Chemist: 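The structure's right below; bear with me while I get my questions together.
As the structure is a computational prediction, the values presented were derived from the model and not from experiment.
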There are 2 protein chains.
Amino acid sequence: MIVTRWLDDDEQRAWRAFLTASQLVQEELDRQLQRDSGMPHAYYAVLVKLSEAPDRMLRMSELAAEVNSSQSRLSHAVARLEERGWVRRERCAADKRVSWAVLTDEGFAALAAAAPGHVEAVRQSFFDLLDPEQLHRLTEICAVLLKRTAP
Amino acid sequence: MIVTRWLDDDEQRAWRAFLTASQLVQEELDRQLQRDSGMPHAYYAVLVKLSEAPDRMLRMSELAAEVNSSQSRLSHAVARLEERGWVRRERCAADKRVSWAVLTDEGFAALAAAAPGHVEAVRQSFFDLLDPEQLHRLTEICAVLLKRTAP
DNA sequence: ACAGCTTACTTGAACTCTCAAGTATCTGGA
DNA sequence: TCCAGATACTTGAGAGTTCAAGTAAGCTGT
């Protein structure tokens with residue numbers, strides 16, 4: 001039988017602070033993007049990754065990995081983005097299972113329109129609150145949280 | 001005209017690390033709870049807060065504030081929890097607009113059953129990865145992110 | 001060459017969340 | 001008193017996410 005190692009008070013506080021802070025920041029940015037640009041943050045992330053890719057295109061599976069999404073989620077998301085004309089799908093000739101997601105000019109324009117407001121929001125709810133020392137440490141800590149190889 | 005203060009490379013890294021780390025941790029725990037206990041993390045949080053409240057009951061609006069949720073979201077959530085018999089609603093006699101959410105014995109039992117596995121998961125994806133120094137700093141930083149009064 | 005596994009992606013249904021609108025109740029001032 | 005506005009909560013519709021299952025195409029070993 002395994003005895004649960006419950007969280008002590010300090011751990012409780014630490015955990016709830018992390019959870020609440022990250023929720024708060026994410027919700028705030030999601031709301032800002034939805035309100036000002038009519039897209040959730042997940043869609044914004046897709047557009048960003050595509051815009052940074054060579055020829056503004058990526059395989060669906062690569063794109064999913066880049067934006068930290070399941071294939072299913074991405075597939076639905078790209079379907080919506082396609083409806084808006086912001087992304088286009090292209091079947092790969094070499095391997096017909098693969099499809100490429102391609103950022104259209106309209107998609108790039110939508111991203112360009114959304115970006116300034118979003119960056120400003122990120123500054124307000126994140127960077128402007130932290131000094132360089134804190135920022136550096138937070139980055140390190142987050143890197144640690146990410147490093148452990150998923151099971 | 002306002003000139004956008006774009007993020008420099010360090011800022012990009014910091015921001016993406018924070019976003020990715022917090023998403024990863026949250027998704028992991030959400031998945032764990034859903035898989036092992038059939039509830040999303042948001043519902044678990046509701047049960048926890050109720051279990052800690054005097055008489056295991058809270059007004060809907062207080063509960064919403066405690067779990068960082070909109071009233072609408074909480075109302076839907078409590079409706080689902082009520083269907084499962086984990087929470088019960090009681091109209092307040094003094095102010096009939098108010099309703100109390102009350103944790104039932106079944107709800108408490110469900111929480112008790114879910115907690116050990118969840119705590120273990122939190123250890124694995126959070127505490128076990130950080131040393132005490134990092135934990136302390138992270139808590140401070142998250143407190144800063146939370147402190148700014150929402151507009 | 002071809003049966004069976006793997007890979008890449010899609011689909012559908014169930015569920016949660018959001019936003020806006022709706023209901024009921026209370027409160028403060030004319 | 002009474003009504004206009006505030007408060008507490010609910011409801012419904014639309015959208016995104018998840019999970020499991022489904023399709024299609026490539027690979028592998030015999």
Chemist: Which sits closer to the 5' end of DNA chain D, B/Ser72 or A/Met39, going by the nucleotide each is nearest to?
Modeler: B/Ser72

Chemist: When you get a sec, tell me which of C/dT11, C/dT18, C/dT16 is the closest nucleotide to the side chain of B/Ser70?
Modeler: C/dT18

Chemist: Is the phosphate of C/dA8, meaning OP1 or OP2, less than 4.0 Å from a side-chain N or O of A/Gln71?
Modeler: no

Chemist: Salt bridge check, A/Arg88 against A/Glu82: does any charged N sit closer than 4.0 Å to a carboxylate O?
Modeler: no

Chemist: Looking for any heavy atom pair under 4.0 Å, which part of the strands does B/Ala42 touch: base, sugar-phosphate only, or nothing?
Modeler: sugar-phosphate

Chemist: Hey, does B/Ser99 reach any base, or is it just sugar-phosphate, or nothing, if we go heavy atoms under 4.0 Å?
Modeler: sugar-phosphate

Chemist: For C/dT7, does the base pair up with any side-chain atom of A/Arg97 as donor and acceptor (N or O, under 3.5 Å, distance only)?
Modeler: yes

Chemist: Tell me the ring pair (Phe, Tyr, Trp, His ring centres under 6.0 Å) pairs involving residues 75-115 of chain A, sequence neighbours left out?
Modeler: none

Chemist: Round to the nearest Å and state the distance from A/Arg35 atom CZ to C/dA20 atom P.
Modeler: 11 Å

Chemist: Go through DNA chain D in 5' to 3' direction and return only the first and the last nucleotide with some atom under 4.0 Å of chain B's heavy atoms.
Modeler: D/dT7 to D/dC19

Chemist: Whole-Å distance between C/dT6 C1' and A/Asp95 CG?
Modeler: 12 Å

Chemist: Could you say whether A/Tyr43 or B/Arg59 is positioned toward the 5' end of DNA chain D, judged by the nucleotide with the nearest heavy atom to each?
Modeler: B/Arg59

Chemist: Atom CG of A/Asp30 and atom P of C/dC19: how far apart are they, to the nearest Å?
Modeler: 9 Å

Chemist: Minimum heavy-atom separation for A/Leu47 to A/Leu111, with atom names?
Modeler: O-CD2, 3.6 Å

Chemist: To the nearest 0.5 Å, what is the distance between CZ (A/Arg35) and CG (A/Asp30)?
Modeler: 11.5 Å

Chemist: Between atom NE2 in A/His76 and atom P in C/dA14, what is the gap in whole Å?
Modeler: 14 Å

Chemist: If you assign B/Gln34 and A/Arg31 each to the DNA chain C nucleotide with the nearest heavy atom, which residue ends up on the more 5' nucleotide?
Modeler: B/Gln34

